[in-house]
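For reference, the structure is listed below as structure tokens.
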Amino acid sequence: MEYRKLGYSGMKVPVLSFGTATFGGIGEFFKAWGETGIKEATRLIDICLEHGTNMFDTADMYSDGLAEEILGATIKGRRDQVILSTKATFRLGNTPNDVGSSRYHLIKACEGSLKRLGTDYIDLYQMHGFDATTPIEETLSALDTLIRDGKVRYIGCSNFSGWHLMKSLAVSERYGWSRYVAYQGYYSLIGREYEWELMPLALDQKIGLVVWSPLGYGRLTGKLRRGQPLPAVSRLHKTADMGPHVPGEYLYHVIDAMDEVAQETGKTLPQIALNWLLQRPTVSNVIIGARNEEQLRDNLGAAGWSLTKSQIEKLDKASKLPPIYPYWHQSFSEDLIPPPV
């Protein structure tokens, strides 16, 4: 397993981590992702560790905290072997202060995550989304306090706009507080908007990308085919409207190119989609998910090899979409604004 620095930090992380959104299955949304219990989860964690994938991602709101509890149970007695990443900001509870990135909520949320995970520190603590109702100074001050108290090692953010991240970095610099070293964002062969604004920012500010949903909300598994109905077993039946919109013909055009690369490499479509991401600038880590051992082993097979330059170019061409303003206008000035890829 290859290890990379996590942004502008000294911590090295494996290029593949394991996401736990499938743990628990509380609520219709997370039930559609999976209902993995402690026994099955322990087996999946064992396989990850056997392959050098020792970073595990979760969030306090995944299955109302149950995902963290299950993950905590699976790593009991081997906490020193793993890197734990969790997130807060979204609602977990019914009171007005059980949501957001206020000092009140973040300290309470962190204490809750520590308890559920069965640990006294979190390696990477991320804001799950931007809270425009709380001063950025309050959020970053609270996070800096958690680091100084030894409860958190590094901090990151997720699903921020470019200006949200840049302003946060400026505030940290102004006050000498710990800065975000990681950005957890959606990026895939069928979701390349990250390249327009956030990737150039990450390159400039040395932010490491932790990719979520690298298979495009389950659309790049190889199960979706032109002219065929959605498979009976697919979370897309319940989650498609909650994620990115992907036009059908565009999706199948990308899958056609992936099929060609699959024939050349002997790799599966998920392995190709994941490996493509591992060749992209700023990517420190890609989160993989799995309902079972077969899916996990297949995803782990994305590491340890590389697509050729011509194969990457084929996939780039098939998946490229016209950018929105101002990025289409900036593309006319590549001598002044070089493209990040």
Side-chain angles (χ1 to χ4, degrees), residues 1-2 4 14-16 185-200 202-203 208-228 230-231 234 236 240 243-290 295 297-324 327-328 330-335 337-341:
M1 182 61 62
E2 177 190 353
R4 298 178 182 175
V15 293
L16 297 178
Y186 172 65
Y187 188 26
S188 76
L189 262 171
I190 54 172
R192 296 177 57 184
E193 295 89 346
Y194 168 79
E195 297 174 4
W196 299 347
E197 176 80 17
L198 290 161
M199 181 182 282
L203 283 168
L209 176 64
V210 178
V211 180
W212 65 262
S213 203
L215 301 183
Y217 256 59
R219 293 179 173 90
L220 300 178
T221 61
K223 297 178 181 178
L224 272 63
R225 293 292 173 179
R226 184 184 281 104
Q228 296 182 15
L230 192 66
S234 173
L236 288 171
H245 173 68
V246 182
E249 189 51 41
Y250 167 71
L251 170 64
Y252 298 127
H253 181 63
V254 174
I255 290 176
D256 288 343
M258 294 175 70
D259 283 335
E260 293 179 14
V261 175
Q263 292 180 350
E264 296 172 6
T265 60
K267 303 294 184 179
T268 65
L269 263 63
Q271 290 171 348
I272 291 167
L274 296 170
N275 193 269
W276 178 84
L277 284 167
L278 294 179
Q279 317 305 317
R280 313 306 278 182
T282 74
V283 174
S284 293
N285 176 272
V286 176
I287 303 172
I288 58 174
Q295 291 179 350
R297 291 189 183 279
D298 184 69
N299 287 341
L300 289 169
W305 60 281
S306 297
L307 293 163
T308 66
K309 183 179 179 180
S310 63
Q311 290 165 347
I312 292 174
E313 289 175 349
K314 180 182 294 185
L315 295 171
D316 285 354
K317 182 178 180 181
S319 61
K320 187 175 182 179
L321 284 175
I324 61 173
Y327 312 113
W328 62 259
Q330 294 172 0
S331 68
F332 300 142
S333 305
E334 290 190 358
D335 55 333
I337 309 176
V341 180

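- In this structure the side chain of L315 reaches within 4.5 angstrom of the side chain of I272, judged on heavy atoms.
- Using a 4.5 Å cut-off on side-chain heavy atoms (C-beta onward), D256 and R226 make contact.
- Looking at heavy atoms from C-beta onward, L215 lies in side-chain contact with L274 at the 4.5 angstrom threshold.
- Side chains of P244 and Y217 form a contact here, defined as non-hydrogen atoms less than 4.5 Å apart.
- The side-chain heavy atoms of L307 and K314, taken from C-beta on, include no pair separated by under 4.5 Å.
- Counting only heavy atoms from C-beta outward, the side chains of L251 and L220 approach each other to under 4.5 Å.
- Inter-residue side-chain proximity for R4 and V283 is flagged as met; some heavy-atom pair is nearer than 4.5 Å.
- With rounding to the nearest 0.5 angstrom, the CZ atom of R192 is 4.5 Å from the CH2 atom of W276.
- Side-chain contact check for D316 versus R280: some heavy-atom pair is nearer than 4.5 Å.
- Distance check, rounded to the nearest 0.5 Å: CD of Q271 to CG of L269 gives 9.5 Å.
- Remark: of the listed residues D298, L300, V211, L300 is the sole one forming a side chain to side chain contact (heavy atoms under 4.5 Å, CB included) with I288.
- Atom OH in Y194 sits 2.5 Å away from atom OG1 in T282 (nearest 0.5 Å).
- Checked by atom type and distance alone, the side chain of Q263 never pairs as donor or acceptor with a backbone atom of D259 at under 3.5 Å.
- Residues passing the side chain to side chain donor-acceptor pair (under 3.5 Å) test with T308, sequence neighbours excluded: S310, Q311.
- Here the CH2 atom belonging to W305 is positioned 4.0 Å from the CG atom belonging to N275, to the nearest 0.5 angstrom.
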